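Step one of this worksheet: look at the structure below.
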Amino acid sequence: MRKTLLSLGHGYTARAVARQLVPKGWTVIGTLRDFGQAALIESEGVIARQWPLDLTKALEGVTHVLSSIRPDNNGDPVLQIGRRALIDAAPYLEWVGYLSTTGVYGDMDGGWVDEETPTSPGGARGKMRVKAEEEWQQLPKLPLHIFRLAGIYGPGRGPFAKLRAGTARRIIKRNQIFSRTHVDDIVNVLEASMAAPRPGRVYNVCDDTPAPPQDILAYAAGLLGIEPPPEVPFEQAEMSPMARSFYGDSKKVRNDRIKYELGVVLKYPDYRDALRSMLDKEQAS
């Protein structure tokens, strides 16, 4: 049976998923709020649809659903318009994936979390994510899988451009540790889950090497052969409220479940390998 993925919010990560699935014979339908991007994703073999849309009609013939749309103050936008449609389609769907964030765990003062750690976000965005996860989990008989993603990087999303432009800053905050994940590893996790669905499961998606953000910038600068930017104490750094909120949580995220349940072997378990590969590909293009 031909597989058809409905990608709700067809952005950076979902486009990477489509680039993996389309050559394997999948039909991928991607929704866009900005339909000016339609030609771009159609050039990648994806059928573009304007968001919002009639989800009942959009789900016809669909076997898999991936939602990347962020929640807002009113809850999850997909469920606001399509809760009934998803409930009605549930018996016919093989797999549903919801992309969440490790921000739902809140601040652990640099300690470890896994999927059994209670969610305890301190900020508004984390609280909205917890609410959205709960809303999705309440849909009866939906073959739902939740993926809590650490900080995403990959082609076009990395430290090199900022370092070259001189806009990168090494902001230092005591005991500040982040986990992160390369987009290629997210794609491999999602594909492994599609091949072996376990409805109701939650997965952390991150690499094996949580680290302070300034370490990543220093390593990337070394690869470019330039001096790392000067250190700026967090208390003195000028940042937007959004940027400052990222420093509100410090934690290390365990990823054992994607390995022992899904059999995933990370392509980039260490940010150093990933950054070297990204730079090599960038320089070769």
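In what follows, residues are counted from 1 in the order of the sequence shown. This is a predicted model, so every value here is computed, not measured.
Using a 3.5 Å distance cut-off with no hydrogens or angles, the side chains of Asn175 and Asp109 do pair a donor with an acceptor. Between the side chains of Asp208 and Asn255, a donor-acceptor pair is found at a separation under 3.5 Å. In this model, no donor atom of one side chain and acceptor atom of the other lie less than 3.5 Å apart for Tyr203 and Ser193.
Nearest heavy-atom pair, Ala132 versus Asp76, reported as atom, atom and distance to 0.1 Å: CB-OD2, 4.1 Å. For the pair Val46 and Ala18, the tightest heavy-atom approach, listed with the atom from each and the gap, is CG2-CB, 3.7 Å. A pairwise comparison of heavy atoms in Val187 and Val17 identifies CG2-N, 3.7 Å as the closest pair. Of all heavy-atom pairs between Leu163 and Pro229, the closest is CD2-CD, 3.6 Å. For Gly97 against Phe147, the heavy-atom pair with the smallest separation is CA-CE1, 4.0 Å. Annotation for Ile216 and Ala211: closest pair CD1-CB, 3.8 Å, computed over non-hydrogen atoms.
The stretch residues 80-105 participates, sequence neighbours left out, in these salt bridge (charged side-chain N to carboxylate O under 4.0 Å, His left out) pairs: Lys3-Glu94, Arg84-Asp88. Residue pairs that meet the salt bridge (charged side-chain N to carboxylate O under 4.0 Å, His left out) test with at least one member in residues 175-186, sequence neighbours left out, are Asp184-Lys267. For residues 134-150, the set of pairs meeting the salt bridge (charged side-chain N to carboxylate O under 4.0 Å, His left out) definition, not counting sequence neighbours, comprises Glu133-Arg148. Applying the side-chain hydrogen bond (donor to acceptor under 3.5 Å, both in side chains) rule to pairs touching residues 213-224 yields Tyr219-Arg276, sequence neighbours excluded.
A salt bridge links Arg272 with Asp270: the distance from a Lys NZ or Arg NE/NH1/NH2 to an Asp or Glu carboxylate oxygen falls below 4.0 Å.
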Test side chain to side chain donor-acceptor pair (under 3.5 Å) on Asp114 and Asn204; report intermediate values, then the result. CA-CA 7 Å; Asp114 62 21; Asn204 290 334; over 6 Å; no

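Atom OH of Tyr92 sits in a sparse spot, with 12 or fewer heavy atoms from other residues, nucleotides or ligands closer than 6.0 Å. Heavy-atom neighbours of Lys259 NZ from other residues, nucleotides or ligands within 6.0 Å: above the threshold of 12. Atom CZ of Arg70 has 12 or fewer neighbouring heavy atoms from other residues, nucleotides or ligands inside a 6.0 Å radius.
With Ile152 as the partner, the side-chain contact (heavy atoms from CB on, under 4.5 Å) test is satisfied by one option alone out of Ile186, Leu99, Val205: Ile186.
Under the 4.5 Å side-chain criterion, counting only non-hydrogen atoms from C-beta, Ile47 is in contact with Thr27. Inter-residue side-chain proximity for Leu142 and Val65 is flagged as unmet; no heavy-atom pair is nearer than 4.5 Å.
Below 30°, between 30° and 60°, or above 60°: for Trp95 and His145 the angle between ring planes is below 30°, a parallel geometry.
For Arg19, the side chain to side chain contact (heavy atoms under 4.5 Å, CB included) partners two or more places apart in sequence, or in a different chain, are Arg15, Ala16, Glu44.
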Can I get a per-line list of side-chain donor-acceptor pairs under 3.5 Å for residues 30-42, giving both atom names and the distance, sequence neighbours left out?
residue	atom	partner	partner atom	Å
Thr31	OG1	Gly9	N	2.9
Asp34	OD1	Gly36	N	3.0

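Cation-pi geometry between Arg244 and Phe234 is satisfied (NZ or CZ under 6.0 Å from the ring centre, within 45° of the ring normal).
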